[in-house]
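One structure below.
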Amino acid sequence: MSKILEIKNLKAKIGNKEILKGLNLDLEEGKVHAIMGPNGAGKSTLSKAIVGHFDVEVTDGEILYKGKNIVDWEPEERALEGIFLSFQHPVEIPGVNNAYFLRTAVNAKRKHEGKEELNAAEFLRKMRSLANELGLKPELLNRSLNEGFSGGEKKRNEVLQMMMLEPNLVILDEIDSGLDIDALRAVSEGINKMKDGKRSFLVITHYSRILDYIKPDYIHVLKDGKIVKTAGAELVKELEEKGYSEFEEK
Amino acid sequence: MAQEEVKKAISGEYKLGFEIDIEQDTVPPGLNEDVIRFISAKKNEPEWMTNLRLKAYNIWKNMEEPHWAKVEYEPIDYQAISYFSAPKKPPSSLDEVDPKILEAYEKLGIPLEEQKALQGIAVDAVVDSVSVKTTFREELQKHGIIFCSISEAIRDYPELVQKYMFSVVPMNDNFFAALNSAVFTDGTFVYIPKGVRCPMELSTYFRINAINTGQFERTLIIADEGSYVSYNEGCSAPMRDENQLHAAVVELIALKDAEIKYSTIQNWYPGDETGKGGIYNFVTKRGLCEGENSKISWTQVETGSAITWKYPSCILKGDNSVGEFYSVAVTTLAQQADTGTKMIHLGKNTSSTIISKGISAMKGQNTYRGLVKIGANAKGARNYSECDSLLIGSECGAHTFPYLEDKNALGQIEHEATTTKISEEQLFYLRQRGINEEDAVSMIVHGFCKEVFSQLPMEYAVEARALLNLTLEGSVG
């Protein structure tokens, strides 16, 4: 099975604080991996390190994406190569039209891939139909990006972007936070639809609830900056019963 | 004063002497009555105009250059400027033009023929816009609209000029307005007759007179009762210009039920990273809503000049009249802008809106200065002001000076102001979606300016967007 992402001995800090302390993690192509762990374990730092967020400074180790070390890549290069992060807290950008933004992003990616730009009609048709599937109100497509969106609307909008951009590696950072059951169902249906045996998912979550909707192939437990256990989906039950305190550093 | 000059002054010789040869096409640097007579003679002006210019000159002589604005510059030596000079020989082809300017034209998508026109290069007869202008003029004449240079208007429509020129911006209004009144070289005159809706956007691009009138430009627009006009000034392309000091005056008059929409894109040379060589732009723009239900709307996109000193204003005299000011001012490099508006409410139920967006990058300094004044008789007057500043980088600055004077307790004034830095989170969000940093900044900046750009006529808005990108290019990172 080929690996889409191999993280080797990754050390990273935020400010002066070391958060990731020699983390190792392999993600398989076409699989759903879940990262679970207590607050402060470094889950968000890990996702930020993969996408090249400015908060995180990688001090040691490698992140190999499709075999290439991307630690020094610009965020947009990683995105264009197919890494997508669904943000835990999507930022609001006043005055920037949601559809216009999405079309710019889609066409930037298509250009990078040597494809022709989607024309306005094709783009709109695709966007509207996907928005409809996700239960995203059409008027939100013409509003400023995320401005005044509810928590659920923001997450639906993240998933819409994911579906339009068709990435190879999808990182879902606390995708279920702030979602009611209906939104959770819509969002996870959208995500499940994107599973095609090639695309890989990294689901980062504190709670196991989302894993009832998006079935993981592997569970990794992240604690104190390291992956302390990797197992199949059955680990979820164990975690629910025993919590994270069981897993001490090896 | 030298002995000789004192003697001349006493004898009155100085005043009456006419020592400059009218055949010359330039005057030596310096300003005196002879120079003003020379300019007036060159323009074939009637005596009344010459006398008004002389009057303005004598007022200006006794005025002090104002220094209350938050801008710093080397003192200007007004006697070192030549107030009338024939344009230098234009380049004979685009090959002789600064490649940087050509690059800017390229990025702004200016057609080749237009590029030539902007640089003063003679254009082939076939593609010359003469025919366009002719059709254009005929169409306007059909409606009785007058659209010509101010020099023509002074000769051909003296009643209108005498009635309205200096009626909104008196010659003693301020130092720069007085200077302009004395030495203005050309500009635009527009008159829209009663009840006529001008069938097209009027823009300086189509103006009949020469392009090189930028230094002391004088514009007068009169919208008679129930008429409407939209006027566009300037353009986004950098124009050839050899003069550092610009002091324009614009007067607008809207009579009963009339509406004037005045849009500006200003992109004069901003100077280098230290501010050297840039244009000093000291402009007085004012509109008078003379009649009931009249409306004047200013929209400006200011990206050029080393120094900008500009406050397009509205005097809301007629009851129910409306004044609007929409502005985007960008300062980058070492540019300084002190700009804003004055809304003077005199009539009942007058209302005004101020939307000001200041963007500062690199070492740019951006100041909003605005006055909202509600007179004692302006019952039911309302104002809404919103002044937002956006900072890009850490060396630039934004400053806001709103002044309020309310003499009528029934007036309603709302003011909102924000200053934000382009947030790294916003930038990162866009970059995570594959949009490069420069495009991401531009997207955020355009979002910030949206309310103002939406006021511009469509083609102008497209130009303004392209210009903004060009101006902010390289200011990030």
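- Contacts of Glu92(A) with chain B are made by backbone atoms alone, with heavy-atom separations under 4.5 Å and no side-chain atom involved.
- In this structure, CD in Glu6(A) is found 10.5 Å from CD in Glu28(A), a value given to the nearest 0.5 Å.
- A distance-only check finds a donor-acceptor pair linking the side chain of Gln432(B) to the backbone of Leu85(A) [under 3.5 Å].
- Neither side chain, Asn281(B) nor Thr308(B), offers a donor N or O lying under 3.5 Å from an acceptor on the other.
- Proximity to chain B involves both the backbone and the side chain of Pro90(A), based on heavy atoms less than 4.5 angstrom apart.
- Here His53(A) is the residue among His53(A), His112(A), Lys109(A) with the most heavy-atom pairs under 4.5 Å with chain B.
- Among Leu80(A), Ile93(A), Asp55(A), Leu145(A), the residue making the largest number of heavy-atom pairs under 4.5 Å with chain B is Ile93(A).
- Only the backbone of Phe448(B) comes within contact range of chain A, with heavy atoms under 4.5 Å apart.
- Using a 4.5 Å cut-off between heavy atoms, Asn107(A) does not touch chain B at all.
- A pairwise comparison of heavy atoms in Leu172(A) and Ile214(A) identifies CD1-CD1, 4.2 Å as the closest pair.
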Would you check, one step at a time, whether the test side chain to side chain donor-acceptor pair (under 3.5 Å) holds for Gln300(B) with Thr264(B)? CA-CA 5 Å; Gln300(B) 59 171 20; Thr264(B) 307; 5.7 Å; no
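- Ion pairing between Glu166(A) and Lys126(A) holds under the 4.0 Å rule for side-chain N and carboxylate O.
- Ranked by non-hydrogen atom pairs under 4.5 Å with chain B, the options Thr104(A), Asn97(A), Leu102(A), Leu165(A) are led by Thr104(A).
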